[in-house]
Amino acid sequence: MASDAARLLDAAEFAAQKHREQRRKDPEGTPFINHPIAVARILACEAGVTDIELLQAALLHDTVEDTDTTFAELEARFGAAVTGLVREVTDDKELPRAERKRLQVERAPGRSPRAKLLQLADKLHNLRDIARCTPAGWSPERVQEYFRWAAQVVSGLRGTSPALEAALDRLWAERAEGPEAGSGSAGDAGRDSQ
């Protein structure tokens, strides 16, 4: 069996190839691959995660949703456990955006503990990124809407990682928008919009 480092690098290389033409929506057009790498780093460095399958899933979490990758392709290369984690956090792009966002809120409490960690890290990175640099074309209202919607999702993930939850709470406090504030819909904000 490959070493843990080799397994992580394999997932990073696969994700980099799949996301190679994609950019984030920030004004700088940051390469999209920076996002899954940052999510994996948040898990490892801020939540203390050493679970290689979870870190691989973090690197791969947007491949099915945002590229031509299939779950069968992931399973053949990375196994059922990694694929299962990616499946848990993948939105069905055939559904309308508002429905995908509603389902993220609804399904958050029932996710597996590892998928909850992954989703917390994903939300944390997206919120930090938006706070750092507003995505091109986003109004202040749209940014606030994203923060409100993310708070709804995170409320269903609580009790999973005190460190990540505290980091998220600090972001909301900096915006003077606690997780309890507002109940706006997700609109078109979200991981797939960022």
Side-chain angles (χ1 to χ4, degrees), residues 2 4-46 49 52-101 103-104 107 114-115 117-139 142-143 145-147 149-150 153 186-194:
D4 288 349
R7 291 166 63 200
L8 279 178
L9 290 170
D10 188 36
E13 189 274 335
F14 181 92
Q17 284 299 314
K18 291 294 187 169
H19 292 298
R20 69 186 174 277
E21 302 296 328
Q22 296 175 318
R23 301 277 179 212
R24 297 282 276 175
K25 303 235 183 215
D26 58 20
E28 297 95 2
T30 304
F32 189 89
I33 189 61
N34 291 16
H35 170 65
I37 291 170
V39 172
R41 188 207 61 76
I42 286 168
L43 286 170
C45 299
E46 296 182 50
V49 170
I52 296 303
E53 290 172 340
L54 178 53
L55 295 174
Q56 285 179 293
L59 292 166
L60 300 166
H61 79 274
D62 280 330
T63 56
V64 173
E65 190 171 312
D66 293 335
T67 76
D68 63 357
T69 306
T70 65
F71 288 118
E73 183 180 8
L74 283 184
E75 187 158 354
R77 184 150 173 186
F78 300 104
V82 171
T83 303
L85 287 167
V86 173
R87 187 182 303 274
E88 273 194 84
V89 299
T90 297
D91 289 341
D92 180 351
K93 287 298 227 12
E94 293 185 13
L95 295 174
R97 188 181 306 265
E99 178 67 3
R100 293 193 311 260
K101 302 310 163 203
L103 287 171
Q104 277 201 42
R107 293 176 176 166
R114 295 197 300 176
L117 273 170
L118 176 50
Q119 198 163 28
L120 281 170
D122 181 46
K123 291 293 177 268
L124 179 56
H125 182 255
N126 279 337
L127 291 169
R128 283 176 173 166
D129 221 26
I130 291 168
R132 175 190 64 80
C133 184
T134 301
W138 281 37
S139 67
R142 185 170 173 189
V143 171
E145 184 74 12
Y146 185 89
F147 269 76
W149 168 74
V153 176
D188 60 351
R191 168 162 52 101
D192 56 335
S193 299
Q194 180 52 17

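Quick note: numbers below take in every heavy atom, side chains included, and nothing from hydrogens, waters or symmetry partners.
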Rounded to the nearest 0.5 Å, what separation is found between the [atom1] atom of [X] and the [atom2] atom of [Y]?
X: Cys133; Y: Arg24; atom1: SG; atom2: CZ; result: 11.0 Å
X: Thr90; Y: Asp62; atom1: OG1; atom2: CG; result: 7.5 Å
X: Arg114; Y: Leu55; atom1: CZ; atom2: CG; result: 10.0 Å
X: Tyr146; Y: Asn126; atom1: OH; atom2: CG; result: 3.5 Å
X: Trp138; Y: Ile130; atom1: CH2; atom2: CD1; result: 4.0 Å
X: Leu43; Y: Leu54; atom1: CG; atom2: CG; result: 5.0 Å

Side chains of [X] and [Y]: do they bring a donor and an acceptor to under 3.5 Å?
X: Asp26; Y: Thr30; result: yes
X: Asp122; Y: His35; result: yes
X: Gln22; Y: Asp66; result: no
X: Gln119; Y: Glu88; result: no

Below 4.0 angstrom, N of the basic side chain to O of the carboxylate: do [X] and [Y] qualify?
X: Arg7; Y: Asp10; result: no
X: Lys101; Y: Asp91; result: yes
X: Arg100; Y: Asp92; result: no

Worksheet entry | Crowding at CD, Glu28 (>12 non-hydrogen neighbours, <6.0 Å) |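 Enclosed: over 12 neighbouring heavy atoms sit under 6.0 Å from CD of Glu28.
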Worksheet item: Is Arg77 atom CZ crowded by more than 12 heavy atoms from other residues, nucleotides or ligands, each under 6.0 Å away?
Response: yes
Restricting to non-hydrogen atoms, name the atom on [X] and the atom on [Y] that form the minimum distance, rounded to 0.1 Å.
X: Ala57; Y: Leu85; value: CB-CB, 3.7 Å
X: Ala12; Y: Ile33; value: O-CD1, 4.5 Å
X: Ala58; Y: Pro36; value: O-CB, 3.6 Å
X: Pro27; Y: Ala136; value: CD-N, 4.3 Å

Discussion item. For a side chain to side chain contact (heavy atoms under 4.5 Å, CB included) check, start with the C-alpha distance between Glu99 and Gln104, then their side-chain angles and the critical distance, and finish with the verdict.
Written reply: CA-CA 9 Å; Glu99 178 67 3; Gln104 277 201 42; over 6 Å; no
Discussion item. Among Glu75, Arg87, His61, Glu53, exactly one meets side-chain contact (heavy atoms from CB on, under 4.5 Å) together with Val82. Which residue is that?
Written reply: Glu53
Worksheet item: side chain to side chain donor-acceptor pair (under 3.5 Å) with Arg128: which residues, sequence neighbours excluded?
Response: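 Arg128: side chain to side chain donor-acceptor pair (under 3.5 Å) contacts with Glu46.
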Worksheet entry | Set of side-chain contact (heavy atoms from CB on, under 4.5 Å) partners for Glu73, sequence neighbours left out |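 Applying side-chain contact (heavy atoms from CB on, under 4.5 Å) to Glu73 gives Phe14, Lys18, Thr69, Thr70.
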Item to complete: State which residues pass side-chain contact (heavy atoms from CB on, under 4.5 Å) with Ala11; sequence neighbours excluded, sorted by chain then number.
Response: Gln56, Leu59, Leu60, Phe78
Worksheet item: Think Arg23 forms a cation-pi with Phe32, using NZ or CZ under 6.0 Å from the six-ring centre and within 45 degrees of its axis?
Response: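 No, a cation-pi geometry is absent between Arg23 and Phe32.
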